[in-house]
Amino acid sequence: MGSMFGEVFRIGTWGESHGTGVGAVIDGCPARIPLSQEDIQRELDRRRPGQSDIVTPRREEDKAEILSGVLGGLTLGTPIAVSVRNKDYRSEAYDGMRHVYRPSHADFCYDAKYGIRAWAGGGRASARETVGRVAAGAVARAVMKALSPATDVLAYVSRVHRIEAEADPAEAVSRETVESSAVRTNDPAAAEKMLAAIREARAAGDSLGGIITCVVRGCPAGLGDPVFDKLEATLAHAMMSIPACRGFEVGSGFAAAGMRGSEHNDAYCIRGGRVHTVTNRSGGIQGGISNGEPIVLRLAFKPTATLMIEQRTVNDRGEETLLKGTGRHDPCVLPRAVPVVEAMAWITLCDHFLRQKTVRCAADTH
């Protein structure tokens, strides 16, 4: 079902939105990496619902339980299983949607593919699936902090609907500033406007989309494989698999289409005794391989599909009808998507880092 991701550091997520629970299995994690339940819980707490008035009021504790692969605070090198129980789901809120396809949801597509679907909450199509990603991302982060301590990943909301946050240099974005706002943006002045826009959309039964920027600082040069497994291609795969993500760009992205080569090229220089680029329009990746500069990604997220206003749709008998959303939903997915974006970045980087260690070890034996 496409629930696995990675080559060396490999993860699989499981569970449905209104099932018993959700979680992840992580294989390929090196042994003797310091890892605690608190490392995973800290990230899950950033993703969980009910954090503020601009996210879904569903009350889930999202308490992580490590079932295998860790002993005495160290990884064993064996598969790590993490489980999170679902507690506050209300399937009765979806009774009216048992036979009706919700606009812009996966309901019809799942029926077309499998002939059956988890109609309550959307099953695997729900953003609840990302609990497993965040848990696995916490493990990937622990690996990278042990093996590449300088590497850091920071994502933040850079746009909500038409409200843009002020652009900061990649090196200057502060985690403290981002986490101090319920909307998780880098710009305190824009934060208030974003919050007001989200509240206004919620009051109208509507929703908003926007953009998340993700910056990887301290990434070593040499990560990524040429041709089909380029680092930006794997990152695009990771990010575009996140529910509601509809666009991906790295570095100058689509703006590069309007530039001349003389405007876009990143000249090389020596700074601090090592090779750097004067500019970073490549976004830290050239030829599919990291060059040591900050990796800068931008991800576009669509507005939440569930609306509390009537929309045209059809049912599974082929009849046209109207549907008004029920249940508890985020009017804007962006604030809770930030830790999911970071998790997928950590997982991708960890996988490529371990691949590179294999390549270099093989080279060193010849």
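Numbers for residues simply follow the sequence, beginning at 1. All values derive from a computational prediction rather than experimental measurement.
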Salt bridge (charged side-chain N to carboxylate O under 4.0 Å, His left out) between E263 and R260, intermediate numbers included: CA-CA 5 Å; E263 296 174 299; R260 294 174 178 264; 5.2 Å; no
Stepwise side-chain hydrogen bond (donor to acceptor under 3.5 Å, both in side chains) test for T348 and H237: CA-CA 9 Å; T348 305; H237 179 184; over 6 Å; no
D62 and R85: CA distance, side-chain angles, deciding distance, salt bridge (charged side-chain N to carboxylate O under 4.0 Å, His left out) verdict: CA-CA 7 Å; D62 283 353; R85 289 275 179 172; over 6 Å; no
side-chain hydrogen bond (donor to acceptor under 3.5 Å, both in side chains) assessment of S83 paired with E65: CA-CA 5 Å; S83 176; E65 182 181 5; 5.1 Å; no
E61 vs K63, salt bridge (charged side-chain N to carboxylate O under 4.0 Å, His left out): CA-CA, chis, key distance, verdict: CA-CA 5 Å; E61 293 181 345; K63 292 297 182 186; 5.7 Å; no
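H264 and T279 share no side-chain donor-acceptor pair at under 3.5 Å. For the residue pair D168 / Y156, no side-chain donor-acceptor distance below 3.5 Å is found, with atom types taken as modelled. For the residue pair H99 and D316, a side-chain donor N or O sits within less than 3.5 Å of a side-chain acceptor on the partner. A donor atom on one side chain and an acceptor atom on the other are found under 3.5 Å apart for S36 and D39. Side-chain contact of N291 with Q286: a donor-acceptor pair under 3.5 Å is present, judged by distance alone. Side chains of T213 and R159: no donor on one and acceptor on the other come within 3.5 Å. Between the side chains of R124 and T13, at least one donor N or O lies within less than 3.5 Å of an accepting N or O.
With rounding to the nearest 0.5 Å, the separation of CG in D330 from OG in S207 is 10.0 Å. The CG atom of L71 lies 11.5 Å from the CD1 atom of I66; values are rounded to the nearest 0.5 Å. From D266, atom CG reaches atom CZ of R281 across 6.5 Å, with rounding to the nearest 0.5 Å. Separation of atoms CZ (F9) and CE (M144) is listed at 10.5 Å; rounding is to 0.5 Å. Once rounded to the nearest 0.5 Å, the distance linking OG of S158 with CD1 of I211 reads 5.5 Å. Atom CZ of R133 is separated from atom CD of E342 by 15.0 Å, given to the nearest 0.5 angstrom.
Side-chain N or O atoms of D107 include one that pairs as donor or acceptor with a backbone N or O of R102 at under 3.5 Å. Here the side chain of N186 pairs no donor or acceptor atom with the backbone of A167 at under 3.5 angstrom. Between the S68 side chain and the A81 main chain, a donor and an acceptor come within less than 3.5 Å of each other.
Both I242 and L235 are assigned to one and the same hydrophobic cluster, defined by single-linkage of ILVMFWY side chains at heavy-atom distances under 4.5 Å. Residues V178 and V160 do not share a hydrophobic cluster, clusters being chains of Ile/Leu/Val/Met/Phe/Trp/Tyr side chains in contact below 4.5 Å. Linking ILVMFWY residues whenever their side-chain heavy atoms come closer than 4.5 Å, directly or via other members, places V8 and L223 in the same cluster. The hydrophobic cluster containing V341 does not contain V215, counting ILVMFWY residues as joined when their side-chain heavy atoms lie under 4.5 angstrom apart, directly or transitively. Under a hydrophobic clustering in which Ile, Leu, Val, Met, Phe, Trp and Tyr are joined whenever their side-chain heavy atoms come within less than 4.5 Å, directly or via other members, M240 and L334 fall into the same cluster.
Taking the side-chain contact (heavy atoms from CB on, under 4.5 Å) definition, one finds that L322 meets it with E310, R312, sequence neighbours left out. For A135, the side-chain contact (heavy atoms from CB on, under 4.5 Å) partners two or more places apart in sequence, or in a different chain, are I40, V82.
Around CD of E200, the count of heavy atoms belonging to other residues, nucleotides or ligands within 6.0 Å does not exceed 12.
Between D187 and M194 there is no side-chain heavy-atom pair separated by less than 4.5 Å.
Between V153 and C214, the shortest heavy-atom contact is CG1-SG, 3.8 Å.
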